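As the structure is a computational prediction, the values presented were derived from the model and not from experiment.
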Amino acid sequence: MTRKDYIILAVIIGVYSIISFVNLGSLQNPVSFSTLSSQEEVIFSFNDLCDIQKLKIYTGEDRGEYQLEGSIDGKDYQYFDIFTTSGAFAWDEIKILKKVRYLKLRLVSSKGVLGEVGIYDNKNRLLSVKHVTKNGKALLDEQAQIPKKISYLNSSYFDEIYFARSAYEYTKGLPVYEWTHPPLGKLIQALPIKLFTMAPFYYRLMGNLSGTLMIVVMYLFGRLLFVKRKYAIASSLLMALDTFHFAQSRMGTVDTHLALFIMLSTLFMFYYLKNPTGKNHLWNLFFSGLFFGLSVCVKWTGLWLGLGLAILYFFSFFQHKKYLKVKSRSVFFEILVCFFSFVILPCFIYCGSYFLFPRMSNATVNNIDTLIVQTKDMYHYHSTLKAHHFFTSDFYTWPISYKPVWYYTNLSDDNHRQTISGIGNIAIWWVGVLALIYLLWKIIFRKDIQSLNLLVMFLCLYLPYLFIGRIMFLYHYFPAVFLMMLAIVVLISDIEKRWQHLRILPIYLLLVLLVFILYYPVVSGMEVSNDYLDSLRLLKSWTF
């Protein structure tokens, strides 16, 4: 890495950051809440009889089912409707079209948390409201936070209702709702919430930063594996312009942290493989083990990484250490470093991530015994999960992005809508399939070790899903995508070496950029016409 590399990388990151942070989410949402128990009532009153058109309600960490009633005299109440809030930390709009002076919300589920209530008349004006019951005070103190339009900008969507909620609960010392994955990813997500507030921008911030750092890691990979700087630039641009990476990084979940740690662990192992007897080889092993441990502490699927790292390390070990006749003392010390970095350190991080914030919804994890119980419960949950979901997909369909995950949609009118879909950039993903096949060809006919290392890591991150029986989604493929991208760079670099005057790389990158621009509304939540979105569906299985 030279000064020129840092300048180029800074430009790429600067442009990407501007695009990815625009409309990431609102900076403010209601912060005072009223926690209700079953059958508890909240009553509001108006100065005069009002024609009520709708309510906007902001839900806290617990969604609830509510019965809506109205009254003219404050004594006799008429039943209007029962509604369930859509999710945690999200706005809902309930239409009622009734003339009342008093409005009552009765919780009919076991528990509910409300943050704010806005009541509108038949001219769509926000009414001045008083609380009759004390528990309604917190629901009327932040009326300025009520959005004109409810969207992903001010409300959680998809799995944010689990991960963002749990991150908030960590900051408040509450029992944590999402316990089926280790806590590290949610703890990282919780940092901006603790420092600032529980608003969409902040619970999506760390995921977007991790997504940005993935571009940096790709540049480092390109600089390590390829001789020319242009291939490092290409590696980083493939990540920056991948539509799936863009959509996934901007969502308040933990998958981007998982992918980043897997990439970093693999990068340091490749640094080691580049010079397994150099002065920094032990540090490279240490950092590879460190990031491996961090990945497992985000999701257990990080364990697939360990298999690939072990294969690469031992292949290199027997290739270099034994035949180069390195002193047995040095070999023994290296093995000790590996044992510490890939076994002891990950276990220490894993336990520490629980013991720092021990309160879980189904158990209190504060010692090894309770951690073992928690781990058994997690395994039982994932191994016996029989849930169904419309956007599940088989692992063998992932490389071509056959069935995207439709994360969010919001109808603006009959002809326009916002949508966010986890769909890969087809100029990358479809070409990536050919590139992976090319790696296999190079291994068989050219005995290429670098291609072997890339393909081994890809298969170890991908093939274990063959044996998983529970429902799976396209985002499970996310941690392996960077290896597919590096395979593309291998393919293009070899083509350009063969035909030196062929400008295939800039042409290909322009195609990737064009596809990213075309599908930007599909992955960003940008409001566009239904006809435009329909025109982008190349496969019947694509839903956005």
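- Closest non-hydrogen pair, Tyr519 versus Leu538, comes out as OH-CG, 3.8 Å.
- If you check the side chains of Thr253 and Asp159, you find no donor sitting under 3.5 Å from an acceptor.
- Side chains of Trp91 and Pro30 form a contact here, defined as non-hydrogen atoms less than 4.5 Å apart.
- Under the side-chain hydrogen bond (donor to acceptor under 3.5 Å, both in side chains) criterion, no residue pair touches residues 503-514, with sequence neighbours excluded.
- Two rings, from Trp429 and Tyr477, have their centers less than 6.0 Å apart.
- The aromatic rings of Tyr438 and Trp441 sit parallel, their planes meeting at an angle under 30°, below the 60° perpendicular limit.
- In this pair, Phe340 and Phe286 present their aromatic rings parallel. The plane angle is below 30°, not in the 30 to 60° band.
- For Tyr408, the ring-ring contact (aromatic ring centres under 6.0 Å, His included) test picks out Tyr152, Tyr157, with sequence neighbours left out.
- Under the 4.5 Å side-chain criterion, counting only non-hydrogen atoms from C-beta, Val216 is not in contact with Thr212.
- Ring planes of Phe246 and Tyr16: perpendicular class, angle over 60° (limits at 30 and 60°).
- The aromatic rings of Phe244 and Tyr407 lie tilted to each other, with the angle between the two planes from 30° to 60°.
- Between Phe21 and Phe201, the two ring planes are tilted [angle within 30° to 60°].
- Ring geometry for Tyr465 against His476 counts as tilted: the plane angle lies between 30° and 60°, on a 0 to 90° scale.
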Query raised in the report: Does the pair Ile150 and Asn154 meet the rule for a side-chain contact (heavy atoms from CB on, under 4.5 Å), with working shown?
Result: CA-CA 7 Å; Ile150 297 174; Asn154 46 59; 4.1 Å; yes
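- Judged by distance alone, the side chains of Arg229 and Thr2 do bring a donor and an acceptor atom under 3.5 Å apart.
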Report task. Would you sort out whether Asp394 and Thr397 count as a side chain to side chain donor-acceptor pair (under 3.5 Å), showing the intermediate values? Result -> CA-CA 6 Å; Asp394 296 315; Thr397 67; 6.0 Å; no
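- Residue Arg537 comes nearest to Thr543 through the heavy atom pair NE-CA, 4.4 Å, listed as atom of the first residue, atom of the second, then distance.
- Here the side chain of Thr171 pairs no donor or acceptor atom with the backbone of Ala190 at under 3.5 angstrom.
- Remark: the backbone N or O of Met206 is not paired with any side-chain donor or acceptor of Gln189 at under 3.5 angstrom.
- Cation-pi check for Lys403 over Phe390 is met; the charged atom lies under 6.0 angstrom from the ring centroid and within 45 degrees of its normal.
- The distance between the ring centers of Phe395 and Tyr462 falls below 6.0 angstrom.
- Between Phe158 and His389, the ring-plane angle classifies as perpendicular under the 30° and 60° cut-offs.
- A cation-pi geometry, defined here as NZ or CZ lying under 6.0 Å from the six-membered ring centre and within 45° of its normal, does not hold between Arg165 and Phe89.
- The shortest side-chain heavy-atom distance between Ser341 and Leu290 does not fall under the 4.5 Å cut-off.
- Contact annotation: the side chain of Leu27 never approaches that of Phe196 to less than 4.5 Å [non-hydrogen atoms, C-beta and beyond].
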Query - Intermediate values then yes/no, side chain to side chain donor-acceptor pair (under 3.5 Å), Glu178 and Thr180 - result: CA-CA 6 Å; Glu178 203 295 308; Thr180 63; 2.3 Å; yes
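- Aromatic ring pairs are classed by plane angle as parallel below 30°, tilted from 30° to 60° and perpendicular above 60°; the pair Tyr313 and Tyr272 is tilted.
- At distances below 3.5 Å, at least one donor-acceptor pair connects side-chain atoms of Ser265 with backbone N or O atoms of Ser288.
- If you look at Phe226 and Phe221, their ring centroids are not closer than 6.0 Å.
- Ring pair Tyr354/Tyr350: centre-to-centre distance below 6.0 Å.
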Requested in this report: In sequence, state the C-alpha distance, the side-chain angles, and the governing distance for Asn280 and Tyr271, and then conclude on side chain to side chain donor-acceptor pair (under 3.5 Å).
Outcome: CA-CA 9 Å; Asn280 293 323; Tyr271 278 136; over 6 Å; no
Query raised in the report: Are Ser412 and Lys149 close enough, and set up right, to give a side chain to side chain donor-acceptor pair (under 3.5 Å), and what steps lead you there?
Result: CA-CA 9 Å; Ser412 300; Lys149 179 181 179 180; 3.1 Å; yes
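- By the 4.5 Å heavy-atom criterion applied to side chains, Gln418 and Met526 are not counted as neighbours.
- Between Tyr162 and Tyr177, the angle of the ring planes stays under 30°, which puts this pair in the parallel group of the 30/60° scheme.
- Closest of all the heavy-atom pairs between Ser401 and Gly424 is OG-N, 3.0 Å.
- Ring pair Trp406/Phe391 is perpendicular by interplanar angle, where above 60° counts as perpendicular and below 30° as parallel.
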I'd like a table of donor-acceptor pairs (distance under 3.5 Å, sequence neighbours excluded) in which one partner is a side-chain atom from residues 233-240, with atom names and distances.
from, atom 1, to, atom 2, distance (Å)
Ser235, OG, Tyr231, O, 2.8
Ser236, OG, Ala232, O, 3.4
Ser236, OG, Ile233, O, 2.8

